[in-house]
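This report refers to the structure that appears directly beneath it.
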Protein chains: 2
Amino acid sequence: MTQFYNEYPKVLVSVDCIIFGFNGNNLQVLIGKRKMDPGRGEWSLYGGFVGANENLEDAANRVILDLTGMKNLYIRQVGAFGRIDRDPGERVISIAYCALINVVDYDDSLRIEHGLEWVSLNELPELYSDHRTMIHDAICQIRRRINHEPLSFKLLPDLFTLTQLQHVFEAVMGEEIDKRNFRKRVKDIDFIEKTELIDKVTSKRGAALYRFNKKAYEEDPSFILK
Amino acid sequence: MTQFYNEYPKVLVSVDCIIFGFNGNNLQVLIGKRKMDPGRGEWSLYGGFVGANENLEDAANRVILDLTGMKNLYIRQVGAFGRIDRDPGERVISIAYCALINVVDYDDSLRIEHGLEWVSLNELPELYSDHRTMIHDAICQIRRRINHEPLSFKLLPDLFTLTQLQHVFEAVMGEEIDKRNFRKRVKDIDFIEKTELIDKVTSKRGAALYRFNKKAYEEDPSFILK
DNA sequence: ACAAAAGTGTTATACGTACACCCATGA
DNA sequence: TCATGGGTGTACGTATAACACTTTTGT
């Protein structure tokens with residue numbers, strides 16, 4: 001079986017998934033209480049071991065599909081976490097992935113079935129092992145990317161108001177943005193398209209609904225919002 | 001031995017090290033021809049397997065020490081690479097690390113002993129497995145960081161001229177920089193200190209030598225060069 | 001004397017930021 | 001009628017980018 005590298009140690013490799021959602025005000029992460037030893041009962045990200053014939057990203061997508069029923073999400077590797085004693089059971093090296101989902105698309109019964117909770121970033125409890133570091137690294141990465149990649153739309157429905165979009169940016173960056181300046185910048189971005197539709201849910205007056213035009217983006221993916 | 005996760009597959013985990021140097025004009029990477037199967041004779045990064053009781057970064061530092069005799073280098077994780085068939089021998093997941101060294105400090109006999117070559121980024125040959133992707137990801141990361149972290153000095157001697165420093169930035173970013181604008185920005189950075197020393201090697205007139213003041217940096221690590 | 005690299009300021013433009021009021025509607 | 005969120009423009013200051021000539025010295 002092993003042909004070349006007989007003499008070297010093998011270790012368990014897992015993926016841990018940081019699933020971000022947006023509740024209108026805050027970025028939230030899906031966490032749950034561990035249902036197995038070691039660490040039973042501690043708050044934890046959801047993860048899984050990488051199969052012998054499974055790519056890392058496939059493993060992450062498998063875990064996320066299991067958790068959310070969703071496919072083809074925006075997903076990025078956050079990094080490898082391999083501290084010797086990071087898993088109290090035995091040596092496990094874990095590759096963290098983060099994904100962004102629109103919570104409205106999420107079938108909440110799946111969340112309950114898995115015993116998961118949406119927790120706002122600023123209300124995170126103590127977490128198992130190095131999971132807090134993973135989340136921290138993930139949010140740093142998203143902050144870096146949000147002004148250069150069309151991330152923000154992944155956290156929103158297909159149709160969204162500019163106020164909703166602004167709230168996503170504010171939640172990710174952790175600071176308030178001036179409404180007029182924000183809208184001025186958005187106007188310059190061709191692939192954020194105004195539709196004829198009006199959202200009457202979030203305000204009495206009604207707000208114009210916008211849409212991310214993927215084709216327009218792919219024709220000219222230059223994108224610097226700030 | 002295995003207490004908790006008996007049923008899951010274990011795999012080999014390695015680190016691959018992307019060692020960047022600067023030759024005065026170009027960024028260069030240390031690569032060598034593989035001396036073992038699989039892939040014997042192909043150009044490759046230098047790596048090593050992660051020990052059962054070894055942290056990932058420790059493994060990377062071990063490999064780099066072996067290769068260069070140098071410790072405490074600037075080192076960053078680039079990412080985990082785990083495509084099923086990335087290693088033709090058997091499943092190996094590799095964590096890529098990049099390091100920056102000042103080539104003048106490097107004992108060239110070690111390079112020769114390991115059969116390594118400095119190769120400029122724009123002259124890379126075909127590389128073993130996914131090593132080209134690793135290098136690509138590493139340089140992208142350095143480009144992102146060079147304006148926010150004091151990286152550039154790691155590629156230079158302790159004393160350097162502003163022209164040398166500018167050449168580092170140009171090599172990393174892959175574009176020319178205006179000399180006057182560059183020097184203007186450097187003047188605003190307190191921890192890049194002018195010394196009384198003059199370098200007479202690189203020019204007839206002589207150029208002032210500068211130094212990175214680590215203490216000053218740590219007191220005020222805010223740093224945006226561009 | 002000349003070649004080669006060091007060193008030095010000004011100006012125009014673009015960009016980011018601060019800021020306050022009217023509008024439309026449902027309750 | 002009033003409370004709520006939607007929508008709009010300007011002025012100022014800062015940061016960035018473009019640009020050319022003089023100095024020193026070794027050969």
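Each chain gets a letter, A, B and so on, in the order its sequence line appears, and its residues count up from 1. None of these values were measured; they are calculated from a predicted model.
Ring planes of A/F191 and A/F212: perpendicular class, angle over 60° (limits at 30 and 60°).
In summary, the side chains of B/Q164 and B/H167 do not present any donor paired with an acceptor at a separation below 3.5 Å, with no hydrogens or angles considered. Under 3.5 Å, the side chains of B/T133 and B/D130 contain no donor-acceptor pair of N or O atoms. Side-chain N/O atoms of A/D16 and A/S94 include a donor and acceptor closer than 3.5 Å.
The nearest whole Å value for the distance from the CZ atom in A/F160 to the P atom in D/dG6 is 14 Å. Counting to the nearest Å, the P atom of D/dG5 and the CG atom of A/N25 are 11 Å from each other. In this entry the distance linking CG of A/L162 with C1' of D/dG7 reads 10 Å, nearest Å. If you measure from atom CD1 of A/I198 to atom P of C/dA24, you get 12 Å, rounded to the nearest angstrom. Rounding to whole angstrom units, CG of residue A/N147 and P of C/dC15 are separated by 15 Å.
In plain terms, the two heavy atoms of B/L27 and B/F22 that are nearest each other are N-CD1, 4.3 Å.
Residues from residues 199-212 of chain A placing a heavy atom under 4.0 Å of any atom in DNA chain D, listed by number, are A/T202, A/S203, A/K204, A/R205, A/G206, A/A207, A/A208. At a non-hydrogen distance threshold of 4.0 Å, A/D178, A/R180, A/N181, A/K184 from residues 167-197 of chain A come into contact with DNA chain C.
Ion pairing between A/R185 and A/D188 fails under the 4.0 Å rule for side-chain N and carboxylate O.
The backbone N or O of A/R34 sits nowhere less than 3.5 Å from a side-chain atom of A/S44 that would complete a donor-acceptor pair.
For CG of B/D158, the number of neighbouring non-hydrogen atoms (other residues, nucleotides, ligands) closer than 6.0 Å is 12 at most.
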